[in-house]
2 protein chains.
Amino acid sequence: MSAVIENYWVTILKALGHPTRLQIVMELLKGTKCVTDIHDLLPASQANISQHLTVLRNARIVDFAQDGSQRCYYVCRPELVEGVLSLLRNEQPESRGTKVQCCLRKPDSEENH
Amino acid sequence: MSAVIENYWVTILKALGHPTRLQIVMELLKGTKCVTDIHDLLPASQANISQHLTVLRNARIVDFAQDGSQRCYYVCRPELVEGVLSLLRNEQPESRGTKVQCCLRKPDSEENH
DNA sequence: AAATGATATTCGCATAACCTAATATCAAAG
DNA sequence: CTTTGATATTAGGTTATGCGAATATCATTT
C-alpha cells in the first residue's frame, strides 16, 4: 500500500477524530448547511467552526457551494462517512471484543534491528 | 447520540489516525503478532511501538494474550477495523467527490448566539 | 461608497501528542 | 539467583493541535 495513499487515510481519520468535527460532519450528513447554521447548532465560536471546516476540507471530507455571501457545506464523500459512522454505531465501549488465542511465534524470524 | 459514546468514537478515530498505528493495525489484521514481530516489520523503536500499542489498547482496538514473556497482540474489533479500511480503499485523494447543489437557507432560523 | 452580514485568516498562547533515551518489570533459562 | 529476552514506563524536549481575540474579505444592502 503506497505511503501517499496511507497518508491520505491518516488525514481522513485524524480529521474525523475530533469531537467538534465529528459533530459537524454528522450535522452535514442530515443536510447541507452554511457556517451560520452549524454555528447555531454547535457550542463553538464562528472562527473555530471555520477552522474545523478548513481541516475537513483539506481532508476532502467536505466541500462547499458558494451562494452569495454564504457557503453551503456538505459531505462530499457520504458513503465513506456514513459507512464509518455505521460501523462505529455497532461498537460499545464496554464490550471486550473478540478474544483470540495466542500466536505461536516462529523461531525463524531473526532479522536484527 | 450520547456524548460518552461520541467520545469513544473520537478515541477510536484518533487512535487510527496515526501512520504507525495504522500500520500496526494493518499488520495485526494479517495475524496475531508479538511486539518484537511488529518491531521487525516497522521502522520505529521498541518503546515507541509499545506506546502506540497502549494507545490502541486504550481505544479497545487491540488486545493481547500473554504467552510467557511475550504478548501476542491482535485486533479485537476486526469487523470495525476491516470495515473502515475497506471504506478507505474506495477513496482516491484526487477525486473531488460528489458535487452538491447549494442549500437554501431558511430565513426563519433566527436563534441568537 | 458606507454599512452590514457571512465567513476566513492571523496571532499568540496553552495544551496535547510524539519521540528518544534511559530505566524498570518480569518471565524463562542457565 | 543472576542473566537474558521481551516488553513497559518515565522523563524531557520538540512539534503539532486547538482555541479565543482581533482583524480581514467579500458580497449584499442601503
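Letters A, B, ... mirror the listed sequences (proteins, then strands); counts begin at 1.
- Per the geometry, CZ belonging to B:F64 stands 10 Å off C1' belonging to D:dT7, to the nearest Å.
- Summarising the geometry, the separation between CD1 on B:I38 and P on D:dA8 is reported as 9 Å, rounded to the nearest angstrom.
- Listed for the A:S50 side chain is no donor-acceptor partner under 3.5 Å among the backbone atoms of A:Q46.
- Rounded to an integer number of Å, the gap from A:I49 CD1 to C:dT7 P is 10 Å.
- Distance B:D67 CG to C:dA28 P: 9 Å, rounded to the nearest Å.
- Rounded to whole Å, the distance from CG on A:N58 to P on C:dA8 is 12 Å.
- Distance CG (A:L53) to P (C:dA6): 16 Å, rounded to an integer number of Å.
- Expressed to the nearest 0.5 Å, how far OH of A:Y73 lies from CG of A:L53 amounts to 5.0 Å.
- For B:I24 and D:dT7, the CD1 to C1' distance is 13 Å, given to the nearest whole Å.
- An OP1 or OP2 oxygen of C:dA6 is reached within less than 4.0 angstrom by no side-chain nitrogen or oxygen of A:R71.
- In this structure, the salt bridge (Lys or Arg N to Asp or Glu O under 4.0 Å) partners of B:E27, at least two apart in sequence or on a different chain, are B:K30.
- The main-chain N or O of A:V62 is never found under 3.5 Å from a side-chain atom of A:R57 such that the two would form a donor-acceptor pair.
- Note that the CZ atom of A:R21 and the CD atom of A:Q51 stand 10.5 Å from one another [nearest 0.5 Å].
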* Asked: Quick one: what's the B/S/- string for nucleotides 17-27 of chain C, heavy-atom cutoff under 4.0 Å, read 5' to 3'?
  -> SSBBBB----S
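- Picking from C:dT7, D:dT7, C:dT9 the nucleotide with the shortest atom distance to the side chain of A:T54 gives C:dT9.
- The interatomic distance linking B:Y73 (OH) with D:dA6 (C1') rounds to 11 Å, in whole Å.
- Summarising the geometry of A:I49 relative to A:H39, their closest heavy-atom pair is CD1-CA, 3.5 Å, with the distance given to 0.1 Å.
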